[in-house]
Amino acid sequence: MIKRSFRYLTRTLLLLLALVAIPALMTACSLMKPTVHWSEADRSSAGLAPQAEAVSEAVVLVYAARTFGWRGNFAVHTWVSTKQADADHWQVHEVMGWRSPIVRSGPDLPDRRWYGAEPRLLAELRGAEAEAAIPNILNAVQTYPYPDIYEAWPGPNSNTFVAWLIRETPQLEVVLPNIAIGKDYPAPGAFNRTPSNSGYQASLLGYAGIATSVQEGLEVNLLGLNFGLDPWHLGMKLPGFGQLSFRSPWPAGHHDGTSP
């Protein structure tokens, strides 16, 4: 019995080591590629969002893109863009750790490339549904529990902020990528609904946790690395790689910003 338990424990540890090694190997490979300084990286529009003046209805968009540099092998940055009905501009809501204040909410391009990385559309609301969501989003920006605290790992960070906005906005039922490190950081408590609003999650200060829901499936967070199974979308989730599934949790027809 003891021998069998030891074998099971050994196999489990080997599996965890393999999952941790995947993004580490990706990082090693990326070191061979030429890089540009962040100040020279592309921050132009990816052409995914409509021009504000071209649509009269309210619109809400949620995006993700690989982070800059070696961190992009592990994680994505997420943000929310909103346009009020009849408005002639977009507003972008995100957290940027190197700026003060770190919470940034104001006019900007809604679909900027994140320092060279192509964004992926995670969710879209239009019309009456977007009109109902925008006040909730703006209120959530003001009530974010960590307006002056930023930690890239394990959080709170930009993904903690977006997960908060989503949970506080009933109209948004978004499956955040498993590589949105920080999305599982407790905001504000250790127990929360998942962002898709279809299940629950528990987190130990972002270092370990578990989530289960209809939309996200089963996710296990270990030291910020998130992996799991997604029966609803017929897939699995791996650190570094992100979601690998037969059905996408996100709108079709856009570049998959969760892939390298």
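Along the sequence shown, residues are numbered consecutively beginning with 1.
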Engineer: Please test Trp90 against Leu61 for side-chain contact (heavy atoms from CB on, under 4.5 Å), starting from the C-alpha separation and ending with a verdict.
Structural biologist: CA-CA 10 Å; Trp90 286 88; Leu61 304 171; 3.5 Å; yes
Engineer: Under 4.5 Å between any side-chain heavy atoms of Thr82 and Val59, yes or no?
Structural biologist: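 No, every pair of side-chain atoms sits at 4.5 Å or beyond.
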Engineer: From Glu173 CD over to Ser196 OG, what is the distance, rounded to the nearest 0.5 angstrom?
Structural biologist: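 If we round to the nearest 0.5 Å, Glu173:CD and Ser196:OG are 7.5 Å apart.
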Engineer: Do Asn136 and Glu168 have side-chain heavy atoms sitting under 4.5 Å apart?
Structural biologist: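 Of all side-chain heavy-atom pairs linking Glu168 with Asn136, none is under 4.5 Å.
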Engineer: Less than 4.5 Å apart, any side-chain heavy atom of Gln91 and any of Ser81?
Structural biologist: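 Side-chain contact under 4.5 Å: no.
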Engineer: Just so I know, are the side chains of Leu172 and Ile137 near enough to count as touching, which here means a heavy-atom distance under 4.5 Å?
Structural biologist: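 SC-SC contact between Leu172 and Ile137 confirmed.
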Engineer: What's the verdict on side-chain contact (heavy atoms from CB on, under 4.5 Å) for Val92 and Val80, showing C-alpha distance, side-chain angles and the deciding distance?
Structural biologist: CA-CA 6 Å; Val92 175; Val80 178; over 6 Å; no
Engineer: Locate the shortest heavy-atom distance separating Ala41 from Phe68; write the atom from each residue and the value.
Structural biologist: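 Smallest heavy-atom distance, with atoms named: CB-CE1, 4.1 Å.
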Engineer: At what distance, to the nearest 0.5 angstrom, does CG of Leu204 lie from OH of Tyr185?
Structural biologist: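 Answer rounded to 0.5 Å: 10.5 Å.
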Engineer: Could you tell me if the side chain of Pro110 sits less than 4.5 Å from the side chain of Gln51, heavy atoms only?
Structural biologist: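 No - every pair of side-chain heavy atoms lies 4.5 Å or more apart.
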Engineer: For a 4.5 angstrom cut-off between non-hydrogen side-chain atoms, does Leu225 reach Phe74?
Structural biologist: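 Leu225 vs Phe74: side chains touch.
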Engineer: Quick one: list whatever passes salt bridge (charged side-chain N to carboxylate O under 4.0 Å, His left out) with Glu94, sequence neighbours left out.
Structural biologist: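 Residues passing salt bridge (charged side-chain N to carboxylate O under 4.0 Å, His left out) with Glu94: Arg104.
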Engineer: Same cluster or not: are Val214 and Met236 linked, directly or through other Ile, Leu, Val, Met, Phe, Trp or Tyr residues, by side-chain heavy atoms under 4.5 angstrom apart?
Structural biologist: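 They do not share one cluster, since no chain of ILVMFWY contacts under 4.5 Å joins Val214 to Met236.
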Engineer: Verify side-chain contact (heavy atoms from CB on, under 4.5 Å) between Lys83 and Ser56, making sure each step is shown before the conclusion.
Structural biologist: CA-CA 9 Å; Lys83 189 196 79 70; Ser56 59; 5.9 Å; no
Engineer: Taking atom CG of Leu109 and atom CG of Leu48, what is their separation to the nearest 0.5 Å?
Structural biologist: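 It is 12.0 Å, given to the nearest 0.5 Å.
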Engineer: Counting only N and O atoms by type, is there a donor-acceptor contact under 3.5 Å from the side chain of Thr169 to the main-chain atoms of Gln171?
Structural biologist: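 Judged by distance alone, no pair lies under 3.5 Å.
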Engineer: Quick check: closest heavy atoms across Pro195 and Ile166, and the distance to 0.1 Å?
Structural biologist: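 Smallest heavy-atom distance, with atoms named: O-CG2, 3.2 Å.
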Engineer: Whether the side chain of Arg167 engages the backbone of Arg193 through a donor-acceptor N/O pair (distance < 3.5 Å, no angle test) should be reported.
Structural biologist: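 Here the side-chain-to-backbone pair exists.
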Engineer: What about Trp164 and Tyr200, same hydrophobic cluster or not, with Ile/Leu/Val/Met/Phe/Trp/Tyr joined at side-chain heavy-atom distances under 4.5 Å?
Structural biologist: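 No; tracing contacts between hydrophobic side chains, which count when under 4.5 Å, never links both residues.
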Engineer: Side-chain heavy atoms under 4.5 angstrom apart, residues restricted to Ile, Leu, Val, Met, Phe, Trp, Tyr: same cluster for Leu234 and Leu229?
Structural biologist: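 Cluster IDs for Leu234 and Leu229 differ.
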Engineer: A quick test of your reading: do over 12 heavy atoms of other residues, nucleotides or ligands sit less than 6.0 Å from CD of Glu151?
Structural biologist: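 Counting neighbours around CD of Glu151, 12 or fewer heavy atoms of other residues, nucleotides or ligands fall under 6.0 Å, so no.
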Engineer: Check the angle between the aromatic planes of His77 and Trp114 and answer parallel, tilted or perpendicular using the 30° and 60° thresholds.
Structural biologist: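 His77 vs Trp114 ring planes: parallel.
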Engineer: Restricting to side chain to side chain donor-acceptor pair (under 3.5 Å), what partner residues turn up for Thr160, sequence neighbours left out?
Structural biologist: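 If we apply the side chain to side chain donor-acceptor pair (under 3.5 Å) test to Thr160, skipping adjacent residues, the hits are Asn157.
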Engineer: If every non-hydrogen atom of Trp153 is compared with every non-hydrogen atom of Leu223, which pair is closest and at what distance?
Structural biologist: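 Trp153 and Leu223 have their closest heavy atoms at NE1-O, 2.9 Å.
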Engineer: With sequence neighbours left out, what residues match Leu205 under side chain to side chain contact (heavy atoms under 4.5 Å, CB included)?
Structural biologist: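 For Leu205, the residues satisfying side chain to side chain contact (heavy atoms under 4.5 Å, CB included) (neighbours in sequence not counted) are Tyr207.
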Engineer: A side-chain contact here means heavy atoms from C-beta on lying under 4.5 Å apart; do His233 and Gln215 qualify?
Structural biologist: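 Result yes, sub-4.5 Å side-chain heavy-atom pair found.
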Engineer: Once salt bridge (Lys or Arg N to Asp or Glu O under 4.0 Å) is applied, what residue pairs with a partner in residues 212-231 remain, sequence neighbours excluded?
Structural biologist: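 Sorted pair list: Lys183-Glu219, Glu219-Lys237.
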Engineer: Indicate yes or no for a side-chain donor-acceptor contact from Ser203 to the backbone of Ala190 under 3.5 Å, with no hydrogens or angles considered.
Structural biologist: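 Flag not set: sc Ser203 to bb Ala190 has no pair under 3.5 Å.
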Engineer: Looking at Trp250 and Val175, would you say the former's side chain and the latter's main chain have a donor-acceptor pair under 3.5 Å?
Structural biologist: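 Such a contact is found between Trp250 side chain and Val175 backbone.
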Engineer: Is there side-chain contact between Tyr150 and Val95, with at least one heavy-atom pair below 4.5 Å?
Structural biologist: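 Yes. Closest side-chain heavy atoms under 4.5 Å.
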Engineer: Could Arg247 and Trp232 be counted as a cation-pi pair, given that NZ or CZ must be under 6.0 Å from the ring centre and within 45° of the axis?
Structural biologist: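 Yes - Arg247 lies over the ring of Trp232, closer than 6.0 Å to its centre and within 45° of its axis.
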Engineer: Is there a donor-acceptor pair closer than 3.5 Å between any side-chain N or O of Arg43 and the backbone N or O of Arg113?
Structural biologist: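 Indeed, once roles are kept as given, a pair shorter than 3.5 Å links the two residues.
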Engineer: Side chain of Asp111, backbone of Gly47: donor and acceptor closer than 3.5 Å?
Structural biologist: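 Indeed, once roles are kept as given, a pair shorter than 3.5 Å links the two residues.
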Engineer: Would Val103 and Val141 count as a side-chain contact (heavy atoms from CB on, under 4.5 Å) here? Give the steps.
Structural biologist: CA-CA 8 Å; Val103 176; Val141 170; 4.0 Å; yes
Engineer: Return the minimal non-hydrogen interatomic distance between Thr194 and Thr212, and the atom names on each side.
Structural biologist: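 Closest approach of Thr194 to Thr212: CG2-O, 4.3 Å.
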Engineer: On a heavy-atom basis, which atom in Ala65 and which in Ala117 lie closest, and how many Å separate them?
Structural biologist: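 Minimum heavy-atom separation between Ala65 and Ala117: CB-O, 4.0 Å.
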Engineer: Hey, could you give me the CG/CD1 distance between Asn226 and Ile181, rounded to the nearest 0.5 Å?
Structural biologist: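 Rounded to the nearest 0.5 Å, the CG-CD1 separation comes out at 8.5 Å.
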Engineer: By salt bridge (charged side-chain N to carboxylate O under 4.0 Å, His left out), which residues pair with Arg126, not counting sequence neighbours?
Structural biologist: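 Expected list: Glu57, Glu124.
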Engineer: Could you work out, with salt bridge (charged side-chain N to carboxylate O under 4.0 Å, His left out) as the rule, every residue matching Arg112, not counting sequence neighbours?
Structural biologist: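 Arg112 satisfies salt bridge (charged side-chain N to carboxylate O under 4.0 Å, His left out) with Asp108 only.
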Engineer: Between CG of Asn192 and CG of Asn197, what distance do you get to the nearest 0.5 Å?
Structural biologist: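 Asn192 CG to Asn197 CG: 11.0 Å, rounded to 0.5 Å.
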Engineer: Using modelled atom types and a 3.5 Å cut-off, is there a donor and acceptor pairing between side-chain atoms of Asn159 and backbone atoms of Val76?
Structural biologist: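 Judged by distance alone, yes, a pair lies under 3.5 Å.
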Engineer: Do Thr78 side-chain atoms and Tyr63 backbone N/O form a donor-acceptor pair below 3.5 Å?
Structural biologist: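 A pair under 3.5 Å: no.
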Engineer: Measuring centre to centre across the rings, with the benzene-like ring taken for any Trp, is Phe161 within less than 6.0 Å of Tyr146?
Structural biologist: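 For Phe161 and Tyr146, the ring centres are not under 6.0 Å apart.
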Engineer: Which heavy atom of Pro156 sits nearest to which heavy atom of Tyr144, and what is that distance?
Structural biologist: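 Closest pair (atom of Pro156, atom of Tyr144, distance): CB-OH, 3.6 Å.
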Engineer: To the nearest 0.5 Å, what is the distance between CG on Leu138 and OG on Ser105?
Structural biologist: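 Going from the CG atom of Leu138 to the OG atom of Ser105 covers 6.5 Å.
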